[in-house]
Asks: 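Below you will find the structure I want to go over with you.
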Amino acid sequence: MSDRDDRMCVLLPVGAELQWAVPQACLAEVLTLQPGTSEPPTSVAWRGVDIPVLDPGSDGAEPWLDARLGAGLVAVMLGVTGTGCDYWAVALRGGGLAARRILAEECEDRPEAVAGHALAAFSLEGSVYQVPDLPALQQEAAAKLA
């Protein structure tokens, strides 16, 4: 098996019906936030930098806050240098946050499921994952800073 046949990915639940699969190298950190509201903030201070937070699952029924913990999660993403912001974050909603090696033979391409800012979609173990267009999302996040 070549290096191109499998990838270490992070599976990010961003909404009730929206799960992302991103390369592990794109994730900087997952933050636990003790919010003042039930919705994620529009920006967070992370390592001395204010970074914008996108919330693609905000129109769904999945709450951002975990009722048991009284906290919410955001995933800090590494951006492409020179694209407006070096880091940005995405609000996580629901369960299913995981890191795992994805083998090509385990996945079934789902081109009909590509939506929003996704480049591709696939099914894995009964769930559909979007492969988000991270540079486009970074530009959207950078626009929030302007």
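FYI, the numbering just counts along the sequence from 1. Just so it is clear, the values below take in all heavy atoms, side chains as well, and ignore hydrogens, waters and symmetry mates. Computed from a predicted model, the values in this text were never measured in an experiment.
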Asks: Is the side chain of Trp88 donor-acceptor paired with the backbone N or O of Leu137 at a distance under 3.5 Å, no angle test?
Replies: no

Asks: For Tyr87, does the OH atom have more than 12 heavy-atom neighbours from other residues, nucleotides or ligands under 6.0 Å away?
Replies: no

Asks: Would you check, one step at a time, whether the test side-chain hydrogen bond (donor to acceptor under 3.5 Å, both in side chains) holds for Gln130 with His117?
Replies: CA-CA 9 Å; Gln130 301 286 319; His117 284 299; over 6 Å; no

Asks: Between Leu12 and Ala75, what is the shortest heavy-atom contact and its length?
Replies: CD2-CB, 4.1 Å

Asks: Between Glu39 and Asp55, is any pair of side-chain heavy atoms under 4.5 Å apart?
Replies: yes

Asks: With clusters defined by side-chain heavy atoms of hydrophobic residues (ILVMFWY) lying less than 4.5 Å apart, directly or transitively, does Val53 cluster with Val22?
Replies: no

Asks: So do Leu92 and Val74 actually touch side chain to side chain, heavy atoms under 4.5 Å?
Replies: no

Asks: Please check this pair: side chain of Gln138 against backbone of Val80, looking for a donor-acceptor N/O pair closer than 3.5 Å.
Replies: yes

Asks: When the aromatic ring centroids of Tyr129 and Trp20 are compared, is their separation below 6.0 Å?
Replies: no

Asks: May I have the step-by-step check of side chain to side chain contact (heavy atoms under 4.5 Å, CB included) for Val44 and Asp50, ending in yes or no?
Replies: CA-CA 6 Å; Val44 294; Asp50 283 331; over 6 Å; no

Asks: Is Glu112 salt-bridged to Arg110, cutoff N-O under 4.0 Å?
Replies: yes

Asks: Run Met77 and Leu27 through side chain to side chain contact (heavy atoms under 4.5 Å, CB included) and show every step you take.
Replies: CA-CA 5 Å; Met77 308 301 291; Leu27 179 70; 4.0 Å; yes

Asks: For residues Gln19 and Leu97, determine if any side-chain heavy atom of one lies less than 4.5 Å from a side-chain heavy atom of the other.
Replies: no

Asks: For the backbone of Glu62 and the side chain of Arg93, can you confirm whether one donor and one acceptor N or O come within less than 3.5 Å of each other?
Replies: yes

Asks: Does a donor on one side chain sit under 3.5 Å from an acceptor on the other, for Trp46 and Glu29?
Replies: yes

Asks: How far apart are the closest heavy atoms of Ile51 and Ala89, and which atoms are they?
Replies: CD1-CB, 4.1 Å

Asks: Give me the atom names and distance for the closest heavy-atom approach of Gly72 to Leu65.
Replies: N-CD2, 3.8 Å

Asks: Atom SG of Cys85 and atom NZ of Lys144: how far apart are they, to the nearest 0.5 Å?
Replies: 10.5 Å

Asks: Between Glu106 (side chain only) and Leu103 (backbone N and O only), is there a donor and an acceptor less than 3.5 Å apart?
Replies: yes

Asks: Please round to the nearest 0.5 Å and tell me the distance separating atom CG of Asp86 and atom CG of Leu78.
Replies: 9.5 Å

Asks: Can you find a pair of side-chain heavy atoms, one from Leu33 and one from Pro40, that are under 4.5 Å apart?
Replies: no

Asks: Do Leu134 and Val90 share a hydrophobic cluster (ILVMFWY, side-chain heavy atoms under 4.5 Å, transitive)?
Replies: yes

Asks: Quick one: closest heavy-atom pair of Pro56 and Val14, and the distance?
Replies: CG-CB, 4.0 Å

Asks: For a quick test of reading the model, state the closest non-hydrogen atom pair linking Cys107 to Ile102 and the distance between them.
Replies: SG-CG2, 3.3 Å

Asks: Identify the two heavy atoms, one from Leu54 and one from Ala141, that lie closest to each other, and give their separation to 0.1 Å.
Replies: CD2-CA, 4.0 Å

